[in-house]
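Some notes on the structure that comes next.
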Protein chains: 2
Amino acid sequence: MSRSRVPDIVVGRLPIYLRTLHQLEDTGYTFTSSQELGKRIGISSAQIRKDLAHFGEFGKQGTGYEVKYLQEQIAKILNVDQDWSVALVGFGDLGQALSRYSGFARKGFHIDVVFDQDPQKIGKKYHEVTIYDFEELAKIVSSQGIKLAIIAVPGFAAQDVAEKLVEAGVRAILNYAPVKLFVDEGVRVEYIDPIAHLQQMSFYLT
Amino acid sequence: MSRSRVPDIVVGRLPIYLRTLHQLEDTGYTFTSSQELGKRIGISSAQIRKDLAHFGEFGKQGTGYEVKYLQEQIAKILNVDQDWSVALVGFGDLGQALSRYSGFARKGFHIDVVFDQDPQKIGKKYHEVTIYDFEELAKIVSSQGIKLAIIAVPGFAAQDVAEKLVEAGVRAILNYAPVKLFVDEGVRVEYIDPIAHLQQMSFYLT
DNA sequence: TAGATTGTTAATCGATTAACAATC
DNA sequence: TAGATTGTTAATCGATTAACAATC
């Protein structure tokens with residue numbers, strides 16, 4: 001079964017499944033079912049079973065899924081059964097907040113290098129991280145084999161940063177800048193845009 | 001033409017259209033076309049025309065759309081031709097970063113009140129914002145008629161906070177906690193989950 | 001007029017849901 | 001055995017794309 005054609009929308013739900021399985025585990029569940037999961041996530045049980053079927057068979061008729069086992073399997077599928085080294089570009093307000101946020105590391109995404117172009121910041125250490133000159137990005141990212149990056153620079157600079165990152169070997173970018181990024185096919189980009197979400201919701205307000 | 005059945009996915013694209021129109025305006029464009037917009041956003045021109053058709057006719061055959069006019073119309077549709085007062089709940093690392101982020105206010109979403117349950121923080125002022133006791137949430141939110149809120153509390157506390165917010169009259173919630181929120185029908189919830197995005201992308205890494 | 005682009009309808013594509021035989 | 005739940009197929013639903021008459 002080739003994974004190359006698993007719909008992106010299905011892959012996007014796997015982290016939610018994983019999260020929910022952790023919550024079930026914390027609550028003391030040993031087994032669960034597609035129905036239970038669906039209820040907690042807010043989708044149908046059929047969708048969960050169909051999603052999982054893309055990757056194999058993980059349950060037992062009559063009894064459902066073993067929480068721990070399904071958790072491990074999904075973690076493996078997502079490649080989050082290992083740690084990842086992440087580059088952060090941009091150390092303004094947002095970048096600083098992201099670098100201080102412990103949630104990334106707790107889930108295995110370690111922000112190991114940070115870049116900025118401000119001479120005031122370069123070379124300094126803030127809360128354990130050293131800021132490198134943006135000029136050194138190519139050298140450092142490629143020598144450390146970093147595949148994941150977070151962009152937290154102003155919109156006008158984001159496309160340029162993305163190109164440099166991809167050039168240096170980055171294959172996936174989490175982009176906080178409010179611009180569409182155009183990158184080589186095969187490089188993944190995900191967007192975080194809270195303003196867009198607020199605007200979408202304000203549509204429904206009176 | 002009833003707007004009550006505009007698909008949510010269409011509403012979700014309007015902020016992107018708006019953003020792109022601003023960029024075009026900044027670059028000096030007076031007119032644009034669905035093709036131009038589509039190219040910049042990465043979707044088809046047909047989709048843009050079809051999306052806009054839900055709300056009226058905004059273009060001219062042969063010449064396309066006037067940038068400024070379409071901008072104003074979409075802003076009006078989204079209700080972002082006015083300012084909104086926003087409540088922020090949770091003043092930990094994330095909440096502090098959000099309250100310091102000027103991007104919300106710049107787009108008309110003003111974080112006017114902040115709540116936390118930590119007695120160490122309550123009553124203090126940080127960068128112009130005063131922190132209120134979580135106990136006062138109902139009173140303050142309802143008396144100020146606040147309809148929009150941002151949740152930045154730990155996962156285990158989020159559902160409880162959401163219920164209190166809705167009780168106090170909040171109709172739309174931007175949720176940074178990694179949990180599904182169950183709220184009354186008619187209350188909108190959007191989720192910000194960078195970890196989920198990173199995990200989704202790591203699926204594609206080797 | 002000729003070229004360009006809209007708004008809209010029909011065709012296609014893909015995702016979700018319903019249903020059920022298999023089986024624990 | 002009886003009840004529960006899986007994995008999977010078929011039916012439904014909804015979103016995207018293609019195509020084109022209308023018209024600036």
Side-chain angles (χ1 to χ4, degrees), chain A residues 1-17 20-21 24 29-74 77 180 200 203, chain B residues 1-17 20-21 24 29-74 77 180 200 203:
Chain A
M1 163 197 30
S2 167
R3 285 192 187 173
S4 63
R5 53 173 61 109
V6 176
D8 202 44
I9 199 164
V10 171
V11 178
R13 278 192 292 262
L14 295 183
I16 310 302
Y17 297 167
T20 310
L21 288 164
L24 284 167
Y29 284 73
T30 325
F31 280 87
T32 188
S33 65
S34 57
Q35 195 164 52
E36 168 89 46
L37 282 167
K39 219 174 57 190
R40 287 174 177 254
I41 295 168
I43 62 178
S44 75
S45 62
Q47 182 157 82
I48 290 175
R49 294 197 302 278
K50 195 146 200 293
D51 283 356
L52 294 178
H54 283 100
F55 307 100
E57 307 191 354
F58 305 101
K60 264 203 192 76
Q61 284 102 326
T63 49
Y65 306 93
E66 206 208 317
V67 171
K68 202 80 205 303
Y69 176 74
L70 186 54
Q71 217 178 268
E72 284 165 5
Q73 293 305 303
I74 294 179
I77 291 165
K180 157 94 177 168
Q200 178 179 2
F203 171 83
Chain B
M1 159 200 31
S2 168
R3 284 189 189 176
S4 62
R5 53 173 60 110
V6 177
D8 201 44
I9 199 164
V10 171
V11 178
R13 278 192 293 262
L14 295 183
I16 309 301
Y17 298 167
T20 309
L21 289 164
L24 285 167
Y29 284 72
T30 325
F31 281 87
T32 187
S33 65
S34 57
Q35 194 163 56
E36 168 89 46
L37 282 168
K39 218 175 55 192
R40 287 175 176 252
I41 295 169
I43 62 178
S44 74
S45 62
Q47 181 156 82
I48 290 175
R49 294 197 302 277
K50 195 147 201 291
D51 283 356
L52 294 178
H54 282 101
F55 307 99
E57 307 191 354
F58 306 101
K60 266 204 191 77
Q61 285 102 323
T63 50
Y65 306 92
E66 206 207 318
V67 172
K68 202 80 204 304
Y69 176 74
L70 185 54
Q71 215 178 270
E72 283 165 5
Q73 293 305 304
I74 294 179
I77 291 165
K180 158 92 177 169
Q200 178 179 2
F203 172 83

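First the proteins, then the strands, lettered A, B, ... as listed; each starts at 1.
Close approach of DNA chain C to chain B, defined as any atom under 4.0 Å from a non-hydrogen atom of the protein, starts and stops at dA4(C) to dT9(C).
When side chains are defined from C-beta on, Leu21(A) counts as touching Leu37(A), because their heavy atoms get closer than 4.5 Å. Side chains of Tyr17(B) and Ile48(B) form a contact here, defined as non-hydrogen atoms less than 4.5 Å apart.
Looking at heavy-atom distances under 4.0 Å, Ser45(A) makes no contact with the nucleic acid at all.
Contact record, Thr20(A) with Ile16(A): OG1-O, 2.7 Å, taken as the closest heavy-atom pair. The heavy-atom pair separating Arg40(A) from Glu36(A) by the smallest distance is NE-OE2, 2.8 Å.
Map Gly62(B) and Lys50(B) each onto its nearest nucleotide of DNA chain D; the residue landing nearer the 5' end is Lys50(B). Residue whose closest nucleotide on DNA chain C sits further toward the 5' end, between Lys60(A) and Ile43(A): Ile43(A).
Across every strand in view, dT5(D) sits in a pair with dA22(C) that passes the Watson-Crick or G-U test at under 3.5 angstrom. The base-pairing partner of dT17(D), taking Watson-Crick or G-U wobble contacts with both distances under 3.5 Å, is dA10(C).
Residue-environment remark: CD (Gln35(B)) stays at or below the threshold of 12 foreign heavy atoms within 6.0 Å.
Classification of the Tyr69(A)-Phe58(A) ring pair by plane angle, with boundaries at 30° and 60°, yields tilted.
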